[in-house]
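Written below as structure tokens is the structure these notes are about.
Counting from 1, the numbers follow the sequence of the chain as shown.
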Amino acid sequence: MSFEGFKRGFADNLKFINPNILSVLALLVSLEAGYYFLDANKQKFLYLWIVALLLFRLVINWTTKAIMEVRGDGASKNVYYQIADKYSELFIWGGFMISRLTNFYLGFFTLISMILVGATGLIGKAEGVGCVKNGPMCKAGRTLLLVIILLVEYFCMKHGRPFMIFDLEKGTMFSWQDLGSCILIVLAQLTIFLRILEIRKRVQSDESKKW
């Protein structure tokens, strides 16, 4: 059986579930994950819970999309899904930003970068050339990268090394999450750049539009 066949069969068995219920579930899971960031520096096992919740959210989102395709739901269901998804992203990256082990400014620029990545993908729709999903920071890509960053932070905390740089002279310390923030920001900017190029290419190939 092909993956598409498995996906359709899986969705057929669950199509009795209203996709809006799953969207709300994903929203609640994201809110819980974001909240756990507040105490993860004191209780390192919470990092594992956050990782589990992030992966669970990916499964929920995948299931929701599959069910919507099988049910043939209209634009209204998709609107609810998109709104819930955007709030979910804010909860997760907002939690990452206010984590005690994330430099606030790096966390803030990470949050802004992730918002811009999502917004850039939707510009294609506004231009009438379809949603653009180019670049490494797609939803699954940025979630899995965050999972890796959190696992690194967890294992370093477990071995008593939550910080990668100590600047005792200036009294500053940088954690592994700070390093992860830098990687996320760079990849997010690369994704934005690639998506803009793709939108430009699609617009220019449509003779009825001007870039």
Cut-off 3.5 Å, side chains only: do T120 and R195 have a donor facing an acceptor? no
For W176, run the side chain to side chain contact (heavy atoms under 4.5 Å, CB included) check against T102, V152, I149 and tell me which one passes. V152
Is there a donor in the side chain of Q82 and an acceptor in the side chain of Y87, or the other way round, less than 3.5 Å apart? no
Nearest heavy-atom contact between A40 and Y47 is O-CE1, 3.6 Å
Same hydrophobic cluster for L53 and I21, using side-chain heavy-atom links shorter than 4.5 Å among ILVMFWY? no
Test side-chain contact (heavy atoms from CB on, under 4.5 Å) on E89 and K139 and set out the steps. CA-CA 9 Å; E89 292 278 313; K139 185 190 300 181; 4.0 Å; yes
For M137 and L145: C-alpha separation, side-chain torsions, deciding distance, then whether side-chain contact (heavy atoms from CB on, under 4.5 Å) applies. CA-CA 9 Å; M137 288 288 96; L145 181 54; 3.7 Å; yes
Transitively linked via ILVMFWY side-chain contacts under 4.5 Å: L150 with I185? no
Is any side-chain heavy atom of L55 closer than 4.5 Å to a side-chain heavy atom of L144? yes
Under the criterion side-chain contact (heavy atoms from CB on, under 4.5 Å), I'd like the reasoning laid out for I92 against M114: C-alpha separation, chi angles, the key distance, then a yes or no. CA-CA 11 Å; I92 291 169; M114 295 307 153; over 6 Å; no
With the 4.5 Å side-chain cut-off for hydrophobic clustering, are V24 and L31 part of the same group? no
Begin with the C-alpha distance, continue with both residues' side-chain angles, and end with the deciding distance and a verdict on salt bridge (Lys or Arg N to Asp or Glu O under 4.0 Å) for K65 and E69. CA-CA 6 Å; K65 284 186 175 181; E69 288 178 11; over 6 Å; no
Is F45 atom CZ crowded by more than 12 heavy atoms from other residues, nucleotides or ligands, each under 6.0 Å away? yes
Quick check on K44: does its NZ atom have over 12 non-hydrogen neighbours (other residues, nucleotides or ligands) under 6.0 Å away? no
Any non-hydrogen side-chain atom of F37 less than 4.5 Å from a side-chain atom of F96? yes
What's the verdict on side-chain contact (heavy atoms from CB on, under 4.5 Å) for L48 and L151, showing C-alpha distance, side-chain angles and the deciding distance? CA-CA 7 Å; L48 298 181; L151 287 175; 4.0 Å; yes
